[in-house]
Amino acid sequence: MKAATFSFRRWTLGAKLAATFSAVILLVVAIVSLSVMSGIRRTIEQDLRERGADATHNLARLSAELVLDDDLWGLYKVLRDVVVGGGDGENVVAYAAVVDGQGKVLAHSAPDQHPIGSLLEDPAVGERRAYRSGVDWAATGATPAVHHFASPVVVDGQQIATARVGISLRHLEPTIARMRRAVLALAMLLGALGALVGLLVSRRMTRPLSELGRAADRIAAGDLDEPSPVRWDERDEIGALAERFNLMATRLRDSQREATEAQARLVRSERLASVGECAGSLAHEIRNPLGAVVAAAKMLCAQTPQAETYDRERLAGVIADEARRLNVILSDFLVFARPRPPVRLPHSMNGVVADVIESMRLDELSAGKSIDARCGWEGAPCEMDRDQITQVLWNLVRNALEATPPGGQVTVATAQRDGSSAVEVADRGPGIPPDRQRCLFEPFQSSKRGGSGLGLAIAHRIVAAHGGAVAVDSRLGEGTRIIVTVPLRSAPADRGTNEAA
Amino acid sequence: MPVARLGILVAALLVAVQSAAAADPASLRIAITPVLVENHLDLNRKLVAYLGEKAGMNATLVQRRSYKQVSDLLERSEVDVAFTCGLAYVIDHERLGVELLATPQVDEGPVYHAYTIVPADSPIRALDGLRGARFAFSDPLSNSGWLVPAHALARVGLTPEAFFGRTMFTYSHAASVEAVAVRFVDGASVDSYVYDALRKVRPGLVERTRIIARSSPHPFPPLVVRRGLPPEMKDRLRAVLLGMEHDARGRALLAEMGFVRFGLIDDRAFDGIRAMRRVVAEHYGDGRARPVAPAALR
């Protein structure tokens with residue numbers, strides 16, 4: 001039952017409709033035929049009783065003279081005629097007999113079973129009831145059921161014999177069975193017809209639904225441009241659904257177009273905003289050193305010839321320093337603004353790290369800080385743009401050194417795992433506040449004085465161009481760990497880009 | 001006035017002939033009971049039509065159920081000719097003065113037999129086995145269907161009523177055969193001519209019966225005429241009957257009825273029947289079957 005329900009759920013609409021049509025028709029036919037057949041059975045049974053009573057009555061009338069004449073053969077021929085019937089083929093009389101006052105057979109339609117003189121006993125089953133001047137009792141227990149009728153043979157008001165007739169219902173069952181077969185065949189035919197009609201109707205109804213499904217698939221695949229409305233001219237629910245679907249598709253197309261345009265506008269405005277912001281930041285970064293240069297130059301100009309040489313030299317030094325810083329800012333900015341695609345060649349990451357640490361040895365020593373290099377096992381060289389990665393690591397290590405208090409230590413560790421080369425730069429500085437971690441790699445977000453504000457942004461961009469990633473793990477008061485991961489081998493697309501570049 | 005005298009004479013003769021030919025001089029009524037050939041109504045009609053045509057008379061067929069009814073018709077002169085049984089002839093000859101007209105002849109001659117038959121699967125092998133049984137006679141005035149078995153019993157001092165358990169009359173040899181076949185009765189005595197004819201017409205019926213006794217030959221049931229039938233009519237009819245075998249249509253009709261020819265027969269041929277009747281009469285007084293009271297009124 002459950003399986004049937006389950007499978008019914010998985011049926012197509014056509015199968016469901018066909019099955020439902022058939023089932024309803026079969027049910028109706030079954031109910032109607034059952035009631036009709038029971039009515040017919042009652043009618044036939046009543047008709048048989050009428051015929052039985054008539055036959056017995058007539059037999060009693062016909063028998064009188066023959067009994068008087070003791071013409072037993074004549075009596076037998078009458079009984080035989082009663083049993084054979086009117087020749088209409090339907091022999092419903094099971095037996096006919098005439099018995100004398102003692103219930104002994106004068107003649108019986110089955111002489112070999114009931115010879116003359118034998119006692120014809122009453123079938124002791126069924127309820128006796130008076131019926132049309134005779135007696136009728138149904139031997140319902142017998143199979144096939146037989147109705148027995150008896151009627152007196154009367155001459156001059158005196159009963160001289162009794163006419164007996166049995167009406168068999170055995171023809172009733174074949175008749176009913178024949179009708180049942182006919183009804184069954186009709187039900188099958190109607191059921192099949194119902195299934196066919198169901199299939200046709202469902203086919204007609206599911207065609208636009210399939211079309212809707214295909215259209216929905218196209219929309220799901222992102223194909224909103226094709227203007228192919230679902231056609232269903234009938235003004236029924238499916239027609240309304242198709243109409244709404246078409247409306248939905250149109251609106252979806254419009255809203256997607258609007259969204260695309262809005263997106264483009266947003267990108268444009270964001271770019272403009274970003275350019276403005278960038279220009280502002282750049283201007284801000286430039287203004288400080290430029291201000292210092294202008295102030296030093298003014299002081300130089302205002303100084304009398306008596307001014308001490310020391311002062312002049314100091315001011316000139318300031319100008320030179322600030323000019324150099326301006327140069328750094330502009331160089332970094334150019335690098336950031338016009339990034340060069342990496343040219344990746346196999347190099348040892350440990351070697352790059354060693355070179356970077358070596359180049360900074362002087363700085364660390366001067367600040368009383370130390371760098372602890374922990375180079376891990378390197379199974380394979382890493383395909384990288386050596387200059388760019390050197391710049392990334394240099395930026396990171398310098399930042400770490402700057403964040404590290406005097407006497408502190410910066411740890412640089414390398415490792416290879418999962419086809420990538422990783423470099424971790426850790427310091428024990430103050431850590432980065434969480435709100436700043438989010439925009440750590442955006443340009444001009446530097447918190448320290450003296451930088452270009454582009455170091456981490458450039459580092460992020462270079463690593464990203466290598467297909468790698470930069471991760472930050474920083475806790476206030478504990479320090480910061482920055483992990484750079486670069487795939488050992490460039491992705492095919494990257495290589496393609498390299499070749500193209 | 002010889003011519004006038006002659007004319008008067010002719011007129012007188014005509015009147016005489018007319019009066020002699022009963023009510024309707026042109027009509028001939030022939031009675032046949034179905035005892036002989038049941039279901040042969042068509043054949044009877046053909047025979048009657050043939051006789052009427054050949055004898056130049058307006059012949060009509062009168063069918064009756066029993067020989068008694070035919071005897072009554074002969075007694076009242078309501079029929080002129082009758083196909084009756086040897087016993088009925090013997091009685092009616094004595095009582096009513098009926099006369100023999102002609103008798104059919106079969107291959108064996110103008111004779112037939114009485115068969116005692118039982119159902120084919122009956123264990124009974126002889127007449128003696130039918131003691132207490134249900135037995136069918138064909139007609140109280142039938143020789144083969146009543147007198148022969150009654151005579152056989154009378155010779156041993158019995159009557160049918162005493163010997164059999166239940167007797168009845170079927171008023172037809174064919175019906176007696178059928179009554180045995182369907183086991184309505186345990187036995188019957190029938191005319192050999194009818195039985196043999198039935199064997200051809202209804203073999204299925206005859207197959208269900210078996211002959212346990214065959215009597216000596218008896219004169220075949222004759223055609224008789226009523227007393228007072230004008231002799232020239234009788235002669236004319238006899239001439240037609242005896243001439244049938246020389247006439248193609250007559251021969252065909254004879255063949256259809258299973259006869260070789262019609263021939264003359266002498267009244268003395270029936271002395272055997274008369275003797276049997278006397279034996280039976282010792283038990284019945286008049287040699288006729290006693291009417292049997294209905295069981296219900298006994």
**Request:** Decide if atom CD of A:Glu65 counts as having more than 12 heavy atoms of other residues, nucleotides or ligands within a radius under 6.0 Å.
**Result:** no

**Prompt:** Minimum heavy-atom separation for A:Pro111 to B:Arg183, with atom names?
**Reply:** CB-O, 3.7 Å

**Asked** So how far is it from A:Asp69 CG to B:Phe169 CZ, rounded to the nearest 0.5 Å?
**Response** 12.5 Å

**Fill in**
Rounded to the nearest 0.5 angstrom, the CG-OG1 distance for A:Leu72 and B:Thr170 is 11.0 Å

**Request:** Take atom CE of A:Met37 as the centre, draw a 6.0 Å sphere, and report whether it contains more than 12 heavy atoms from other residues, nucleotides or ligands.
**Result:** yes

**Request:** Without swapping roles, check the side chain of B:Arg134 against the backbone of A:Pro115 for a donor-acceptor pair under 3.5 Å.
**Result:** no

**Asked** Is A:Lys104 atom NZ crowded by more than 12 heavy atoms from other residues, nucleotides or ligands, each under 6.0 Å away?
**Response** no

**Asked** Around atom CZ of A:Arg203, are there more than 12 heavy atoms of other residues, nucleotides or ligands at under 6.0 Å?
**Response** no

**Prompt:** Between A:Leu106 and B:Met168, is a side chain to side chain contact (heavy atoms under 4.5 Å, CB included) present by the stated rule, with each step listed?
**Reply:** CA-CA 11 Å; A:Leu106 291 173; B:Met168 71 195 70; over 6 Å; no

**Message:** Rounded at 0.5 Å granularity, tell me how far CZ in B:Arg166 sits from CG in A:Asp70.
**Reply:** 4.0 Å

**Request:** Take the angle between the ring planes of B:Phe184 and A:Tyr76 and call it parallel below 30°, perpendicular above 60°, tilted in between.
**Result:** tilted

**Request:** Check whether A:Ala107 gets within reach of chain B through its side chain, its backbone, both or neither, counting any heavy atom under 4.5 Å.
**Result:** both

